[in-house]
Asker: 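My questions all concern the structure below.
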Amino acid sequence: MGFATLAGIGVLLAVWASYGPYLFETCCHPLVTPYSQAWRLVGNLLWVAVMLVAYRRSPAGPMWKI
């Protein structure tokens with residue numbers, strides 16, 4: 001799996017985790033606001049960035065074995 005593919009999947013999953021619940025009628029708890037989800041998205045994207053740095057440093061490392 002290439003770096004660009006891994007980055008794309010990571011960003012898509014981060015966006016889905018943050019804004020996916022808004023696609024369903026039963027959403028959402030009153031404390032879940034678009035503003036709070038924007039901060040959650042920032043946190044998720046930071047995790048994706050860390051994952052990409054780890055991949056760039058050692059693409060054949062044990063973390064990436066399936």
Side-chain angles (χ1 to χ4, degrees):
M1 190 178 309
F3 184 79
T5 304
L6 196 59
I9 291 170
V11 169
L12 285 174
L13 288 174
V15 170
W16 175 259
S18 296
Y19 292 106
Y22 287 106
L23 298 176
F24 304 103
E25 286 182 23
T26 58
C27 183
C28 287
H29 190 277
L31 295 178
V32 176
T33 64
Y35 180 75
S36 68
Q37 293 305 99
W39 279 109
R40 182 175 176 176
L41 178 62
V42 168
N44 288 339
L45 290 175
L46 285 173
W47 278 109
V48 170
V50 168
M51 174 197 62
L52 292 172
V53 168
Y55 180 78
R56 180 66 81 180
R57 289 184 71 189
S58 178
M63 182 175 173
W64 309 107
K65 301 278 190 232
I66 295 176

Asker: Enumerate, atom names and distances included, each donor-acceptor pair closer than 3.5 Å involving a side-chain atom of residues 1-18, sequence neighbours excluded.
Answerer:
unit_1, atom_1, unit_2, atom_2, d
Ser18, OG, Ala14, O, 3.1
Ser18, OG, Leu41, N, 3.3
Ser18, OG, Asn44, ND2, 3.2

Asker: Measuring from atom CG of Leu52 to atom CZ of Arg57, what distance do you get when rounded to the nearest 0.5 angstrom?
Answerer: 14.0 Å
Asker: Would you call Val53 and Arg56 a side-chain contact if the rule is heavy atoms closer than 4.5 Å?
Answerer: no
